[in-house]
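One structure is given here, and the rest of the page talks about it.
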Number of protein chains: 2
Amino acid sequence: MYQRKIPIDYDCGLSVAMEVVGSKWKFCILDEISKGIKRPKDLVNFISGITKRVLQKQLKELELHGLLEKTIYTEVPLRVEYNLTTSGKSLLPLISAVDQWGMGFSSQLKTILETEA
Amino acid sequence: MYQRKIPIDYDCGLSVAMEVVGSKWKFCILDEISKGIKRPKDLVNFISGITKRVLQKQLKELELHGLLEKTIYTEVPLRVEYNLTTSGKSLLPLISAVDQWGMGFSSQLKTILETEA
DNA sequence: TCCCTTGGTGATAATTTTATCACCATCCAT
DNA sequence: ATGGATGGTGATAAAATTATCACCAAGGGA
């Protein structure tokens, strides 16, 4: 997930995917949005550890890459919602699979890291 | 994929998965190994852009995390092979899915990044 | 006017990951 | 002993990401 100086290889699916979703929070953000948490204010509360500033940047990138679309409701107070686009939705099965794999691997990783320490 | 000071959340599958495979080269490495490229020397040649040093570090981490196992053949010249463990193999469908998603998204990303530039 | 809520941004530091370079070890052939 | 092939590591620089802090804007209510 670090490739600005080293350009993206558009012929490598892994390279493309890493560019778009290979960062610490993006899977979490998309996951929460898919569950109905769509407002920045709520996302900050639901995603433990993320800060407002970082969330904003990630949302902006996801929007730029076409995975999220932003809707502004001119209510008061101002309401903004981020929704998954078709591309964004197409990622959900993958996110779910990664999450499940991680859950299944969790105990093994814990054992390994505690043993060496 | 940055979480040493910020500890891993073992209850979050995404967090666990990111810790283990969330880095620039790991999917590529596992992918090549699954295709039969198992020696460090060959991996360096097949994975365009990676350097020997970086590959070694990634292999070591993958081995530590239990996704690869290392076999040393005392031949001459020395031969070392890295093979997927059961856990490593369990990742293959995921890697394949990510790769395919990336391939499908490639043209969209290219269009977006070229348009804004 | 002052404050609150929500959404957003710029500048900068702190962290982490990647890259580069030099170097070592083994085994064998010349 | 010299050199080539393979595998490996330490130190350090470079690059990228993430975190922190301060600040701004719009709209409405007290």
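The structure presented is a predicted model; accordingly, all values stated were derived computationally and were not measured. Chain naming here is simple, since letters A, B, ... match the order of the sequence lines and numbering starts at 1 in each.
Annotation: side chain of B/Y10 is in contact with side chain of A/L113 (closest heavy-atom distance under 4.5 Å).
The closest donor-acceptor contact from the side chain of A/T85 to the backbone of A/E69 lies at 3.5 Å or more, if one exists at all. Checked by atom type and distance alone, the side chain of B/S106 never pairs as donor or acceptor with a backbone atom of B/G102 at under 3.5 Å.
Atom-to-atom, CG of A/L68 to P of C/dG7 comes out at 15 Å; the value is rounded to the nearest Å. The separation between A/K57 atom NZ and D/dA19 atom C1' is 10 Å, rounded to whole Å. The CG-P distance, from B/L59 to C/dT18, rounds to 13 Å in whole Å. Remark: P of D/dT20 and NZ of A/K52 are 14 Å apart, rounded to the nearest angstrom. Taking atom CZ of residue A/R79 and atom P of nucleotide C/dT6, one finds them 12 Å apart after rounding to whole Å. Atoms CD (A/E61) and C1' (D/dA16) sit 11 Å apart, rounded to a whole Å. Summarising the geometry, the separation between CD1 on B/I50 and P on C/dT17 is reported as 15 Å, rounded to the nearest angstrom. Atom CD in B/E75 sits about 14 Å away from atom C1' in C/dT26, given to the nearest Å.
At C/dT18, one or more side-chain N or O atoms of B/Q58 fall inside 4.0 Å of OP1 or OP2 (strictly under the cut-off). For B/Y82, a side-chain nitrogen or oxygen approaches OP1 or OP2 of D/dG8 to under 4.0 Å. Between A/K24 and D/dA16 there is no side-chain polar atom (N or O) within less than 4.0 angstrom of OP1 or OP2. Residue A/R53 places no side-chain N or O under 4.0 Å from the OP1 or OP2 atom of C/dT9.
One hydrophobic cluster, built from ILVMFWY side chains closer than 4.5 Å, holds both B/I29 and B/F46.
Counting any heavy atom pair closer than 4.0 Å across all strands shown, A/K60 reaches sugar-phosphate atoms only and no base atom. Residue B/V80 is in sugar-phosphate contact alone, with no base atom involved, counting any heavy-atom pair closer than 4.0 Å across all strands shown. Counting non-hydrogen atoms under 4.0 angstrom, A/V54 reaches a base of the nucleic acid. The residue A/K26 sits apart from the nucleic acid: no heavy atom pair falls under 4.0 Å.
For B/K41, whose side chain is taken as the heavy atoms from C-beta onward, the closest listed nucleotide among D/dG27, D/dG7, C/dT6 is D/dG7. The A/T51 side chain lies nearest to D/dT20 when the options are D/dT6, D/dT20, C/dT9.
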Worksheet item: When you look at B/D42 and B/K38, which way does the salt bridge (Lys or Arg N to Asp or Glu O under 4.0 Å) test go after all the steps?
Response: CA-CA 7 Å; B/D42 294 328; B/K38 302 180 175 183; over 6 Å; no
